[in-house]
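In listed order, ligands and their atoms are each counted from 1.
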Amino acid sequence: MRVLLVEDDLLIGRGVADALGDDGYAVDWVRDGAAALAHLAATAYDLAILDLGLPGKDGLTVLREARASQQTVPVLVLTARDAPADRVRGLDAGADDYLVKPFDLDELGARIRALLRRRVGRRDPLYRHRGVTLDPGTHEVTCAGQPVHLQQREFFLLLALLERPGAVLSREQIRDKLYGWGDSVESNTIEVYVHALRKKLGADFIRTVRGVGYCATPAS
Ligand code: CA
């Protein structure tokens with residue numbers, strides 16, 4: 001899952017970027033509004049975390065301009081405790097949720113998972129497909145009732161495929177979801193993760209669509 005973090009406070013930004021990175025998210029961190037808009041236009045993010053008090057172009061302006069240019073990415077706004085009017089304006093400008101500073105990183109994680117769920121129209125927090133279950137909260141995966149251990153990127157690849165079983169993701173889309181801009185990516189790495197998942201979940205769990213990419217094999 002690729003997340004854009006827009007935060008000019010170095011301490012908060014570093015804390016959030018590290019915490020999300022530890023959870024396996026691919027995080028791009030920018031510190032001002034102009035950079036935020038440029039990144040939103042260039043990359044298909046799964047989620048954006050947007051501080052409202054930014055130098056130059058403030059967060060509300062960023063949000064309005066992003067929505068005006070048809071950006072549908074879920075946006076979680078970060079606001080200061082003493083500014084309830086900001087929260088109202090943020091939601092009215094197109095934010096999907098907000099968190100008041102100082103916030104708890106566990107709560108941030110839970111809100112992110114809820115937004116990611118909603119963005120694909122899900123209510124059930126558990127993903128279930130062809131005998132495999134995946135819990136985004138605990139990162140637990142089972143196959144035929146047995147726990148399966150996945151590396152973080154294997155886990156997020158599986159999550160991406162299970163969001164829409166049968167929908168094909170290109171290698172480029174997968175790479176964008178698994179890696180931030182600073183990560184180096186070997187050319188065959190997606191294939192390596194697919195191979196690992198097939199080994200752990202069954203050879204036919206993931207279908208290769210030649211010349212296009214991969215999908216979770218639809219339930220028959
Ligand atoms: Ca700020």
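Inclusion of Glu7 in the first shell of the Ca ion (ligand 1) is not supported: no N, O or S atom falls under 3.0 Å. At least one N/O/S atom of Gly53, whether from backbone or side chain, sits less than 3.0 Å from the Ca ion (ligand 1). Contact annotation: Asp9 places no N, O or S atom under 3.0 Å from the Ca ion (ligand 1).
At a threshold of 4.5 Å between side-chain heavy atoms, the hydrophobic network of Ile, Leu, Val, Met, Phe, Trp and Tyr places Leu105 and Met1 in one connected group.
If you check the side chains of Ser170 and Tyr214, you find no donor sitting under 3.5 Å from an acceptor.
Distances from the Ca ion (ligand 1) to the N/O/S atoms of Asp8 are shortest for OD1. The minimum distance between the Ca ion (ligand 1) and any N, O or S atom of Asp51 involves atom OD2.
Aromatic ring centres of His149 and Phe155: separated by at least 6.0 Å.
Between the Arg198 side chain and the Ile206 main chain, a donor and an acceptor come within less than 3.5 Å of each other.
For the side-chain contact (heavy atoms from CB on, under 4.5 Å) with Arg14, the lone residue among Asp18, Val16, Ile12, Leu10 that qualifies is Asp18.
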